[in-house]
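What follows is a short report on a single structure.
Values reported hereafter were calculated over all heavy atoms of this structure, with side chains retained and with hydrogens, waters and symmetry mates removed. A quick note: this is a predicted structure, and the numbers were derived from the prediction, not measured. When a residue number appears, it is its place in the shown sequence, counting from 1. Just so you know, ligand 1 is whichever comes first in the structure, and atom 1 is the first atom listed for that ligand.
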Amino acid sequence: AKLASQGATVHMYNRKNNHTDKINMEGLTVLVDGGVNQTVSMTVFHSPEMIDDYYDIVIVLVKAFATEKVLLSLLPHLNRNSIILSLQNGLGNAETIKKIAPKHIVSVGGTETGAGVIENGVIAQRAFGKTYIGETNTNNEKLTHFVQLLSASGLESYVVPDIQRVIWNKLMINIAYNGLTAITRLRNGDAVRSSQGKRIIEKVVREAAMVAQAEGISFHDEEILRKCIRIGYEDIGENKSSMLTDIIEKRKTEIDYINGAVVSLGKKHSISTPYNEMITDLIKMIEASYSISVSSSK
Ligand SMILES: NC(=O)C1=CN([C@@H]2O[C@H](COP(=O)(O)OP(=O)(O)OC[C@H]3O[C@@H](n4cnc5c(N)ncnc54)[C@H](OP(=O)(O)O)[C@@H]3O)[C@@H](O)[C@H]2O)C=CC1
Ligand SMILES: CC(C)(CO)C(=O)C(=O)O
């Protein structure tokens, strides 16, 4: 909606549901700070055949485990010169896309902007951080133009050279908040304001920083921790994390790509990650028991 409001031609691709029907009929309404920020006329395509092949950039924003299925069906309809840009959370997204689309230009970014569906056709923006996008070897002018449009629309964005750092920087925030808020059903800010929550955030982030270092990504533990805590109080405090939304909606989560990825990489490097393992196990337990979970005291 923000890009479209800058005059860019933006199409969305999603399977058909009540939300997409409402958007196609009445446009997409974005709420910011409780008020209506804008309603933008948008088209959501439901079938790959409806896709034209002229897109400069294709942004992948499905859950990590759905990338393969969605992109495989779209690929025959995409121009080779289109940049495929993942703004998904977690580790392994670039690798998944490159496997499916080896001849395309692939870029990965991380966004500290967040939103959720409030009702059909209406979304609320509740996280207001920056977006960083990794450079590509070619077609950087397209990316530069893209971030200019994003920034002009109010979503502060940058193209940056070190893509692994971009991914891990964003991952640290998800490691800190997504699993914890999904288990406690708290907004990010409420999680970090609890002394126990803050302690758990410190533990999971410190474990992840050790694993990142073993992977060759250098992080100053205290600095990354300070950023994760600050952002929880400020930019993303009001947000319900995407994983909390998944748990509320009884959906599969991206835990394997976030805290679960820290556990797997920790094993590879013989680094113990008990706090990330606990968060991963609890989320998997919740995911596996939606149909039998207790929701009433009676
Ligand atoms: N929400 C947030 O604040 C943020 C999310 N992210 C990342 O962005 C990505 C998307 O997150 P989010 O928007 O929360 O996820 P959602 O699950 O809310 O949205 C994903 C969309 O993809 C659609 N979809 C799933 N499978 C298919 C399919 N096979 N064919 C067509 N459409 C499909 C879903 O349709 P349906 O509704 O029918 O299931 C849904 O509309 C994730 O990687 C997340 O980590 C990053 C930063 C912030
Ligand atoms: C917006 C943010 C950073 C935290 O809520 C996020 O990435 C998510 O919810 O998945």
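- Residue-level proximity to ligand 2 for N188 is carried by the side chain, the only part with a heavy atom below 4.0 angstrom.
- Pairs engaging residues 248-257 under the salt bridge (charged side-chain N to carboxylate O under 4.0 Å, His left out) rule: D246-R251, D256-K284 [sequence neighbours left out].
- Residue nearest to atom 14 (O) of ligand 1, selected from S242, A66, G129, G90: S242 (by heavy-atom distance).
- In terms of protein heavy atoms, atom 8 (O) of ligand 1 is closest to L61 CD2, 3.2 Å.
- Which parts of ligand 1 touch E254 is read off a 4.0 Å heavy-atom cut-off, strictly below it: atoms 42 (C), 43 (O), 44 (C), 45 (O).
- Evaluated by nearest non-hydrogen atom to atom 34 (C) of ligand 1, the leading choice among N14, T245, N178, N17 is N14.
- Residue-level proximity to ligand 1 for V62 is carried by backbone and side chain together, each with a heavy atom below 4.0 angstrom.
- For K170, every heavy-atom contact with ligand 2 shorter than 4.0 Å involves the side chain, none the backbone.
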| field | S241 and T181: CA distance, side-chain angles, deciding distance, side chain to side chain donor-acceptor pair (under 3.5 Å) verdict | value | CA-CA 7 Å; S241 73; T181 56; 2.8 Å; yes
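- Look at R206 and E222 and you find a salt bridge, because one of the NZ, NE, NH1 or NH2 atoms lies within 4.0 Å of a carboxylate O, short of that distance.
- Note that NZ of K103 is 14.5 Å distant from CG of L78, once rounded to the nearest 0.5 Å.
- Around CE of M285, the count of heavy atoms belonging to other residues, nucleotides or ligands within 6.0 Å does not exceed 12.
- Across I231, T113, N174, heavy-atom proximity to atom 6 (C) of ligand 2 is greatest for N174.
- Between S242 and ligand 2, a contact under 3.5 Å exists for at least one N or O pair.
- The protein heavy atom nearest to atom 6 (N) of ligand 1 is N89 ND2, 3.5 Å.
- Around CE of M278, the count of heavy atoms belonging to other residues, nucleotides or ligands within 6.0 Å does not exceed 12.
- Looking at ligand 2, you'll find an N or O of N239 within less than 3.5 Å of one of its N or O atoms.
- In this structure, H11 places its NE2 atom where more than 12 heavy-atom neighbours from other residues, nucleotides or ligands lie under 6.0 Å away.
- Considering backbone and side-chain atoms alike, R15 places an N or O below 3.5 Å from some N or O of ligand 1.
- Of the protein's heavy atoms, none falls inside 4.0 Å of atom 19 (O) of ligand 1.
- Here L149 contributes atom CG and L155 contributes atom CG; the two are 11.0 Å apart, rounded to the nearest 0.5 Å.
- The distance criterion of under 3.5 Å between nitrogen or oxygen atoms is not met by S241 with respect to ligand 2.
- In this structure, Y158 has its ring center under 6.0 Å from that of Y132.
- Here the CD-OG distance, from Q148 to S157, works out to 11.0 Å after rounding to the nearest 0.5 Å.
- Proximity of K170 to ligand 1 is established by a heavy-atom distance of less than 4.0 Å.
- Sparse packing is recorded around CD of E68, with 12 or fewer heavy atoms of other residues, nucleotides or ligands lying under 6.0 Å away.
- Under a 4.0 Å heavy-atom criterion, A115 is in contact with ligand 1.
- Expressed to the nearest 0.5 Å, how far CG of N239 lies from CD of Q125 amounts to 9.0 Å.
- With salt bridges taken as basic N to acidic carboxylate O contacts below 4.0 Å, none links K22 and E119.
- Of all atoms in ligand 1, numbered sequentially from 1 with element shown, those under 4.0 Å from a heavy atom of T111 are 47 (C).
- Counting the atoms of ligand 1 from 1 in the order shown, those under 4.0 Å from a heavy atom of T113 are 47 (C), 48 (C).
- Here's the thing with Q88: none of its N/O atoms is less than 3.5 angstrom from an N/O atom of ligand 1.
- Looking only at protein heavy atoms, the nearest one to atom 17 (O) of ligand 1 is K63 NZ, 3.1 Å.
- For K240, no nitrogen or oxygen atom sits less than 3.5 Å from a nitrogen or oxygen atom of ligand 2, counting backbone and side chain alike.
- Residue R251 has at least one heavy-atom neighbour below 4.0 Å for each of these atoms of ligand 1: 17 (O), 18 (O).
- Taking every heavy atom of V70 and a limit of under 4.0 angstrom, the matching atoms of ligand 1 come to 27 (C), 28 (C), 29 (N), 30 (N).
- From I133, atom CD1 reaches atom CG of L150 across 6.0 Å, with rounding to the nearest 0.5 Å.
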